[in-house]
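Notes for the one structure printed next.
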There are 2 protein chains.
Amino acid sequence: MPLLMLKDLPRYECLLEAAREFPALDPSATEVFLHLLRCGDEAFRVVDSHLAQHEITQGRFGVLMALWGNCQRSGCQMPLTPAELADRTGVTRATITGLVDTLERADLVTRTPHPEDRRMMSVGLTKRGEKLLARIMPEHFRRMAWLMAPLSEHDRRTFVRLLTKVLARAAEEPSPAESGRSHESGSVAAAH
Amino acid sequence: MPLLMLKDLPRYECLLEAAREFPALDPSATEVFLHLLRCGDEAFRVVDSHLAQHEITQGRFGVLMALWGNCQRSGCQMPLTPAELADRTGVTRATITGLVDTLERADLVTRTPHPEDRRMMSVGLTKRGEKLLARIMPEHFRRMAWLMAPLSEHDRRTFVRLLTKVLARAAEEPSPAESGRSHESGSVAAAH
DNA sequence: TCTTTCTCGTTAGGCGGCTAACTATCTGCC
DNA sequence: GGCAGATAGTTAGCCGCCTAACGAGAAAGA
């Protein structure tokens, strides 16, 4: 999931210099932003490289985890519909169709018609899917723990607090900073 | 760039409970990890939704920024080769080919043969590309500043320090936690 | 009852990332 | 000089994600 953000994070002096040209540039905010995106990307890579060893992508893993999490809660196998999976994993229903196709082909999930509503399908973990998850998860968690090992418990609480602040801000407005927007147009498409 | 990480971050009690079943699960580490990925994703979305208004993707923006950054430093138009662009933006050369194709079609960059080495190409910003960047960047920076506004300067320094710690850890090993890995196999492909 | 409207899952098509393989060119060694 | 190997950019093909549109089925209002 390469982000294509500037690979080498710019030094703070460069930001200060650029801020002279662009008054809108807040150096410390930009610095946090770039570090955040880059760090998220690296963290992703750490677990994704492991999942890839099992030929599992992030999308497939999300579906398996959603089914497993659901199974755990209710204590028994409780299948989900594709729409529920889409809701829990945060991708579109169209994407779920593709993911479930792949997982079904690999015999990790089953797709059966829903007994009550003939529009719906019912997606459930197979034994094979459960066993794969059980094999993946210990190392999966181990990698998260390994990555965060340099942080003390106090660091972690602070970190979560800061991340939560930013998350709340991001959720604050559907599209932030409508304020002062006066220039649209000028797009790729505009160059006939 | 939806990550397909569990959309609703699990509550801490759930992590504690899951930790009983999986000894490898470090609750506070997992909590930080999930918040980090989710927050990076949201931050990405905040700026990406703006770039999309100009029909610019993250990939295209990275290429434009790399060319602009290079131009700024040397004070004049200094084109780059696709390989240099790939290096600076962190995607493969193959991807650069596609991105430059699109940008060239939109008259935002030019692609000319390199004068010295006939294997190489020379990619430079057009006037139109420069103008588009000049139009995008103020709002781009404004969004970063807006997102980070809830954080004090002290918060920001702490935030960058924590992110840097994790970044350093991620860079520490090409593939972390080789320790205790004994189970490969068991993959999608294995289910013929 | 029957029509409208909504929801479900799927399909089609696009895009941007990847790897692997290819052609063209340059470089270094005999 | 001439050939082996490295390097540059492109191509082909895969995959996961998206949006838009569709047909089947359910739900609600006349």
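What you see below is based on every heavy atom in this structure, not just the backbone, and it leaves out hydrogens, waters and symmetry mates. Numbered from 1 within each chain, the chains take letters A, B, ... in sequence-line order.
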So, OP1 or OP2 of [N]: does either fall under 4.0 Å of a side-chain N or O from [X]?
X: A:Arg93; N: D:dA20; value: no
X: B:Arg119; N: C:dT27; value: no
X: A:Thr95; N: D:dC18; value: yes

Using atom [atom1] of [X] as one end and atom [atom2] of [N] as the other, report the distance to the nearest whole Å.
X: B:Leu99; N: C:dG17; atom1: CG; atom2: C1'; result: 9 Å
X: B:Gln58; N: D:dG16; atom1: CD; atom2: C1'; result: 18 Å
X: B:Phe44; N: D:dC17; atom1: CZ; atom2: C1'; result: 12 Å
X: A:Glu55; N: D:dC15; atom1: CD; atom2: P; result: 11 Å
X: A:Asp48; N: C:dG17; atom1: CG; atom2: P; result: 16 Å
X: A:Leu103; N: D:dC15; atom1: CG; atom2: P; result: 13 Å
X: A:Leu51; N: D:dG16; atom1: CG; atom2: P; result: 13 Å
X: A:Met121; N: D:dG25; atom1: CE; atom2: P; result: 13 Å

B:Thr81 side chain, from C-beta outward: closest of D:dG9, D:dC18, D:dA12: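 When the side chain of B:Thr81 is considered, D:dG9 is the closest of D:dG9, D:dC18, D:dA12.
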
Residue pair B:Thr57/A:Asp117 against DNA chain C: nearer the 5' end by closest nucleotide is A:Asp117

Residue mapping more 5' on DNA chain C - nearest nucleotide basis, A:Met120 or A:Asp101: A:Met120

A:Thr92 vs B:Ile96, nearer the 5' end of DNA chain D by closest nucleotide: B:Ile96

Quick one: CD on A:Glu104 to OG1 on A:Thr97, what's the gap to the nearest 0.5 Å? 11.0 Å

N-O pairing of A:Asp26 and B:Arg142 below 4.0 Å: no

Identify whether the distance between the nearest side-chain nitrogen and carboxylate oxygen of B:Glu139 and B:Arg143 falls below 4.0 Å.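 Salt bridge present between B:Glu139 and B:Arg143.
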
Using a distance-only test with no angle check, is there a side-chain donor-acceptor pair under 3.5 angstrom linking B:Ser28 and A:Arg157?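 No.
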
Mind checking B:Arg118 for me? I need base, sugar-phosphate or nothing, with any heavy atom below 4.0 Å counting as a touch. sugar-phosphate

Could you go through the ring pair (Phe, Tyr, Trp, His ring centres under 6.0 Å) check for A:His140 and A:Phe61 one step at a time? CA-CA 11 Å; A:His140 186 66; A:Phe61 187 67; 4.7 Å; yes

